[in-house]
Structures are given as structure tokens and as C-alpha cells.
Amino acid sequence: MNVRLKMFAVLKERSGAAEAELQLPQGTKVSAALEQIGRRFPGIADVLPKAAVAVNLNYAGRDTVLHDGDELALIPPVSGGRA
Amino acid sequence: MSGEDDLIRLQAEPIDVGAVVGWVSDVDGGAIAAFVGATRRQGGEEGKTLAALDYEAYEQMALGQMRQWAARARQQWPIRKLAIVHRTGRVEVGRPSVAIVVSTPHRAQAFEACHYLIDALKAELAVWKKEVWSDGNSSWVD
């Protein structure tokens, strides 16, 4: 199945890509997808454990099962700042 | 009350705060509260100063988040009109990066709704900022 990967901010810069297509076996979880992403984009491998993930525009946990056509986004810490 | 009339926007152009306040004005809203977040001047290492912030958004997600928080605010307070406008791209120091404006019948409700919304944005909005320093260096804020 195909999953569209989107990367932002520091992750986009360090990976050198804003978007990529991932080919994954049916039933792949976010955690396994992140391992594949780390191999394909070694420049961000060290950041991946800390990055939040969104699937189809909603924050998702590492155990979330991906489906064909999903959009998986790597979310660096948000800009927020101090209150 | 539906939130279809909310003004929820990401924009690369400067925020005209007066125009947003004007948009939120309502004959039944006796109170209008506005929160404006601006890029703050700050010093870095070796005397360099912050020149600007570059904002990058995951637009679809950020718009969805803002609509969701607007709907939650409407469940909690009797909001007449509501606007959330956030910048993308380069914002010079001292310029607005976000404006949240709410009109309600009475002032406490407007303050509370405004406070709720900016706290939600600060914690979770899918927008990132990069510091651009006076010496030309830049770095993502994390």
C-alpha cells in the first residue's frame, strides 16, 4: 500500500524533502513506518523518536495502523513558545 | 450556534488587526476581546539580535485545529463572532503573528474565550517558526 509522507520545518530541512511516497505492507503501524523513514532519510533518524505524528490531519500514536492512501505527517515541536 | 461564520485563516500577508476587530463587531456583542501575538525582540549569543520569524504551517491540519477549537469555544461561551488569523512566512520583529478576536454579550466571556483559544494555539497548532538573526543565521525553534 502507498502512504504519503509529509515533513515540516526542521524535519523538512534536514531530510531535504517536503513530501515522499512510502510503500508499506498492509497493516503497517506508525512505529514501523518511522523505522523505514529513518533508513530512507538518515538525516532525521535521531529526531524521529521525539517527533509527533499526524495521520490524516489528526495526531496519532505509534500503534496507529496505516491504510492505503493515508497521509502521514511528521510534526516537529510546535512553535508555541512561552505563555 | 454554528461556527460557519467564523473567520479562520492562515495568511502570508500582514494582519490588519483593526480590520479583524471590525469583522468581529456585532450589534449583540457588547464585548470584544482581542489577543494579538507579535514577534518579540530578543538577544542571542554574541550580541546578535532577532530580526524576524519565519512561520511555516501544515495548512490543512492547522485550519482544522483552529476550526475545532473555535467550535469548542462556542460550546462554552455565548460567542457572537470569532476570528483567528495566523501568519505564515516572514514576520518582522514587532509585527503581529496571530490575532484572536471574539465578541460576546459581556466582557468576562470574551476574555475567557480569547484566553482559551490562544492557549490551545500555543500548545498544539501545526505551525513552526524559524528565528532569523541580524547576522543572517537562522534556526528552527523547538
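Side chains included, hydrogens not; waters and symmetry mates left out as well; all remaining heavy atoms used. Quick note on labels: first sequence line is chain A, next is B, and so on, each numbered from 1. These numbers come from a predicted model, not from an experiment.
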K.L.:
Let me know if A:A9 has heavy atoms under 4.5 Å from chain B in its side chain, its backbone, both or neither.
P.N.:
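Both backbone and side chain.
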K.L.:
With a cut-off of 6.0 Å (strictly less than), are more than 12 heavy atoms of other residues, nucleotides or ligands near CZ of B:R95?
P.N.:
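Count not over threshold, so no.
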K.L.:
If the condition is side-chain hydrogen bond (donor to acceptor under 3.5 Å, both in side chains), which residues does A:E13 pass it with, not counting sequence neighbours?
P.N.:
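Partners of A:E13 by the side-chain hydrogen bond (donor to acceptor under 3.5 Å, both in side chains) criterion, ordered by chain and then number, come out as B:K130, B:W140.
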K.L.:
Quick check on B:R107: does its CZ atom have over 12 non-hydrogen neighbours (other residues, nucleotides or ligands) under 6.0 Å away?
P.N.:
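No.
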K.L.:
Do side-chain atoms of B:W128 reach the backbone of A:F8 as a donor and acceptor pair under 3.5 angstrom?
P.N.:
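No: the side chain of B:W128 does not pair with the backbone of A:F8.
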K.L.:
In chain order, what residues pass the side-chain hydrogen bond (donor to acceptor under 3.5 Å, both in side chains) check against B:Q68, with sequence neighbours excluded?
P.N.:
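None.
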K.L.:
Of all the heavy-atom pairs spanning B:M61 and A:L57, show the shortest one and how long it is.
P.N.:
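So the minimum-distance heavy-atom pair works out to CG-O, 3.4 Å.
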K.L.:
Taking side chain as everything from C-beta outward and backbone as N, CA, C, O, which of these in B:E56 sits under 4.5 Å from a heavy atom of chain A? Side chain, backbone, both or neither.
P.N.:
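Looking at B:E56, just its side chain touches chain A.
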K.L.:
For B:A57, is it the side chain, the backbone, both, or neither that has a heavy atom closer than 4.5 Å to a heavy atom of chain A?
P.N.:
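Interface part for B:A57: backbone (N, CA, C, O).
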K.L.:
Spell out, as yes or no, whether a donor-acceptor pair under 3.5 Å connects the side chain of A:Y59 to the backbone of B:E124.
P.N.:
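Answer holds: yes.
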K.L.:
Tell me whether B:F111 at atom CZ has more than 12 heavy atoms from other residues, nucleotides or ligands lying less than 6.0 Å away.
P.N.:
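Open: at most 12 neighbouring heavy atoms sit under 6.0 Å from CZ of B:F111.
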